2 protein chains.
Amino acid sequence: MWSLADEMEHWLKGLLEEVEDGVIELRRSELAHQFSCAPSQVTYVLTTRFVPERGFRVESRRGAGGYIRIIRLEDCDYRAYLAAQLGSHLSERAALSLTEHLNQTGLLGEEGLRLLELVLSADALGLEEPLAGEIRARLLRLVIANL
Amino acid sequence: MWSLADEMEHWLKGLLEEVEDGVIELRRSELAHQFSCAPSQVTYVLTTRFVPERGFRVESRRGAGGYIRIIRLEDCDYRAYLAAQLGSHLSERAALSLTEHLNQTGLLGEEGLRLLELVLSADALGLEEPLAGEIRARLLRLVIANL
DNA sequence: GGATGACAAAGGTCAAAGATAGTCAAACAG
DNA sequence: CTGTTTGACTATCTTTGACCTTTGTCATCC
């Protein structure tokens with residue numbers, strides 16, 4: 001029931017768990033070969049799963065000797081990112097992605113995750129989008145400050 | 001004398017009885033094929049029979065590796081009763097008192113209690129009172145239905 | 001030895017195709 | 001009339017491939 005992208009995500013996160021500094025380095029082409037897929041599939045996984053919203057950062061370099069480095073954000077980096085994101089407006093997607101990662105880092109339990117998913121969803125507030133986004137941002141800021 | 005929708009509902013509920021965690025996962029197209037019907041028929045069954053008011057929740061994802069997940073909720077009679085008590089408007093006081101009650105009956109854990117207290121508090125939403133009350137009511141109704 | 005340029009070896013971009021699920025209105029059944 | 005069933009169309013997520021850009025290496029030329 002898992003897509004290739006899901007499996008690759010899972011495998012990479014497993015690797016990240018094993019290392020103590022939260023940094024892994026790999027070659028796009030090797031990973032693609034390992035999973036028998038197109039190299040751009042790796043890029044797809046990185047850009048959809050290993051984004052700052054979810055607590056990761058990716059660095060890379062092209063050319064001979066090129067590499068891809070995946071970095072699990074430190075708590076302070078992540079909080080800085082949160083502060084920047086929570087400026088004034090937050091889409092439902094971004095909000096859900098954030099809560100999911102809050103859960104993964106253990107700041108938020110299962111119950112909290114479920115509740116926030118409900119509260120942040122589009123129809124929960126029943127408001128139009130510019131306003132709903134502002135409220136999401138305000139709510140999440142408040143929640144994070146009180147975790 | 002059962003309709004196709006009834007049979008599918010019954011079959012799915014049978015599956016849900018068999019698993020201990022109350023969660024099943026399936027593919028819409030497979031289920032449709034199994035019952036020799038249009039895929040949208042599955043959607044129809046899910047949206048008419050497996051709704052929170054009847055004690056179920058449905059999650060899904062599109063695209064390759066997509067799925068439909070049906071989750072059995074617990075204590076749905078009592079939750080339905082509570083939801084029925086709710087009007088269209090809820091003061092901060094009433095909302096907090098209700099969450100307190102949810103917590104005492106065990107439907108809501110400590111984490112959930114603290115989160116809801118935050119979210120329902122006056123300044124969390126940052127809205128004027130007629131509107132804030134409506135949103136509180138809508139949020140709590142949603143939360144109760146999905147606990 | 002230093003500049004140059006061809007070549008190879010990475011990774012990046014983007015749009016198309018594929019794989020699911022959702023929506024909605026019309027037809028249908030009881 | 002109400003609830004069911006279908007199918008055409010839509011939305012979303014994944015996978016692939018053709019083409020682009022960047023970087024390092026190495027031979028060549030002065």
Side-chain angles (χ1 to χ4, degrees), chain A residues 1-13 15 23-54 56-71 91-97 100-101 117 120-124 129, chain B residues 1-13 15 23-54 56-71:
Chain A
M1 198 71 67
W2 280 18
S3 67
L4 207 176
D6 291 332
E7 284 182 38
M8 194 182 293
E9 173 189 8
H10 191 249
W11 190 78
L12 289 171
K13 285 187 173 167
L15 271 193
V23 179
I24 58 176
E25 233 178 76
L26 43 98
R27 294 183 171 250
R28 191 177 77 146
S29 52
E30 277 182 15
L31 189 56
H33 184 257
Q34 188 176 328
F35 281 86
S36 303
C37 65
S40 51
Q41 177 75 342
V42 176
T43 307
Y44 173 72
V45 171
L46 294 177
T47 56
T48 54
R49 267 87 161 163
F50 292 88
V51 290
E53 282 173 0
R54 301 193 180 198
F56 299 93
R57 194 160 51 90
V58 174
E59 293 174 358
S60 66
R61 215 179 66 186
R62 307 187 186 190
Y67 59 83
I68 287 178
R69 181 153 45 212
I70 306 179
I71 301 156
S91 75
E92 181 179 356
R93 266 191 97 75
L96 291 180
S97 201
E100 188 187 326
H101 184 253
E117 279 174 356
L120 297 170
S121 72
D123 42 296
E129 199 32 61
Chain B
M1 203 54 57
W2 278 13
S3 69
L4 209 179
D6 291 333
E7 283 183 40
M8 193 182 293
E9 173 188 8
H10 190 250
W11 189 79
L12 289 171
K13 287 186 173 167
L15 270 194
V23 179
I24 58 176
E25 239 179 66
L26 43 98
R27 285 174 186 269
R28 190 177 77 146
S29 52
E30 277 181 14
L31 189 56
H33 184 257
Q34 190 175 326
F35 282 85
S36 303
C37 64
S40 52
Q41 177 74 348
V42 175
T43 307
Y44 174 72
V45 171
L46 294 178
T47 55
T48 54
R49 269 90 159 160
F50 292 86
V51 290
E53 296 80 43
R54 299 194 180 204
F56 299 93
R57 197 159 53 87
V58 174
E59 295 173 359
S60 67
R61 214 178 72 182
R62 307 186 190 194
Y67 59 83
I68 288 177
R69 181 154 45 215
I70 307 178
I71 299 152

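These figures come from a predicted structure and were not determined experimentally. Labels below follow one simple rule: chain letters A, B, ... track the order of the sequence lines, proteins then strands, and each chain is numbered from 1. Hydrogens, waters and symmetry mates play no part in the numbers below; they use all other heavy atoms, side chains included.
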Kindly indicate, with the supporting measurements, whether the criterion side-chain contact (heavy atoms from CB on, under 4.5 Å) is fulfilled by A:H101 and A:E53.
CA-CA 7 Å; A:H101 184 253; A:E53 282 173 0; over 6 Å; no
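- When each of D:dT14, D:dT12, D:dT6 is scored by its nearest atom to the side-chain atoms of B:R62, the top-ranked nucleotide is D:dT12.
- Nearest nucleotide to the side chain of B:T43, out of D:dT16, D:dT14, C:dG22: C:dG22.
- Nucleic acid contact class of A:S29 (heavy atoms, under 4.0 Å, all strands): sugar-phosphate only.
- Salt-bridge formation is detected for the pair A:R57/A:E59: a Lys NZ or Arg NE/NH1/NH2 atom is positioned less than 4.0 Å from an Asp or Glu carboxylate oxygen.
- In terms of position along DNA chain D, the nucleotide closest to B:D6 lies nearer the 5' end than the nucleotide closest to the other residue of the pair B:D6 and A:A5.
- Separating the CD atom of B:E30 from the C1' atom of C:dT20 is a distance of 11 Å, rounded to the nearest angstrom.
- For the OP1/OP2 pair of D:dT4 and a distance below 4.0 Å, the side-chain nitrogens and oxygens of B:R49 include at least one atom meeting the criterion.
- Spacing between atom CD1 of B:I68 and atom P of D:dC13 amounts to 15 Å, rounded to whole angstrom units.
- What separates CD of A:E7 from C1' of D:dT14 is a distance of 13 Å, to the nearest Å.
- One can place CD of A:E25 at 13 Å from C1' of C:dA10, the figure rounded to the nearest angstrom.
- The residue B:R69 sits apart from the nucleic acid: no heavy atom pair falls under 4.0 Å.
- Applying the 4.0 Å criterion to OP1 and OP2 of C:dT20, one finds that B:R27 has a side-chain N or O inside that range.
- Straight-line distance from the NE2 atom of A:H33 to the P atom of D:dT16: 14 Å, rounded to whole Å.
- Residue B:S3 places no side-chain N or O under 4.0 Å from the OP1 or OP2 atom of C:dA29.
- Comparing B:A64 and B:V58, the nucleotide of DNA chain C nearest to each residue sits closer to the 5' end for B:A64.
- Protein atom CG of B:L46 is 17 Å distant from nucleotide atom P of C:dT20, rounded to whole Å.
- Listed for the A:S97 side chain is no donor-acceptor partner under 3.5 Å among the backbone atoms of A:R93.
- Nucleic acid contact class of A:S40 (heavy atoms, under 4.0 Å, all strands): base.
- Between B:Y44 and the phosphate of D:dT5, there is no side-chain N or O to OP1/OP2 separation shorter than 4.0 Å.
- In this structure, B:K13 forms a cation-pi arrangement with B:F50, its terminal cationic atom sitting closer than 6.0 Å to the ring centre and no more than 45° off the ring axis.
- Atoms OH (A:Y67) and P (D:dT22) sit 16 Å apart, rounded to a whole Å.
- Taking for each of B:Q41 and A:Q41 the nucleotide of DNA chain D with the nearest heavy atom, the 5'-most of the two is the partner of B:Q41.
- Distances shown here put every side-chain N or O of B:R28 at or beyond 4.0 Å from the OP1 or OP2 atom of C:dA19.
- Distance alone, capped at 3.5 Å, places no donor-acceptor pair between the B:S40 side chain and the B:T43 backbone.
- Computed from coordinates, the B:E9 CD to D:dT5 P distance equals 12 Å when rounded to whole Å.
- Among the candidates A:L31, A:I70, A:V51, the single residue satisfying the side-chain contact (heavy atoms from CB on, under 4.5 Å) test with A:L46 is A:I70.
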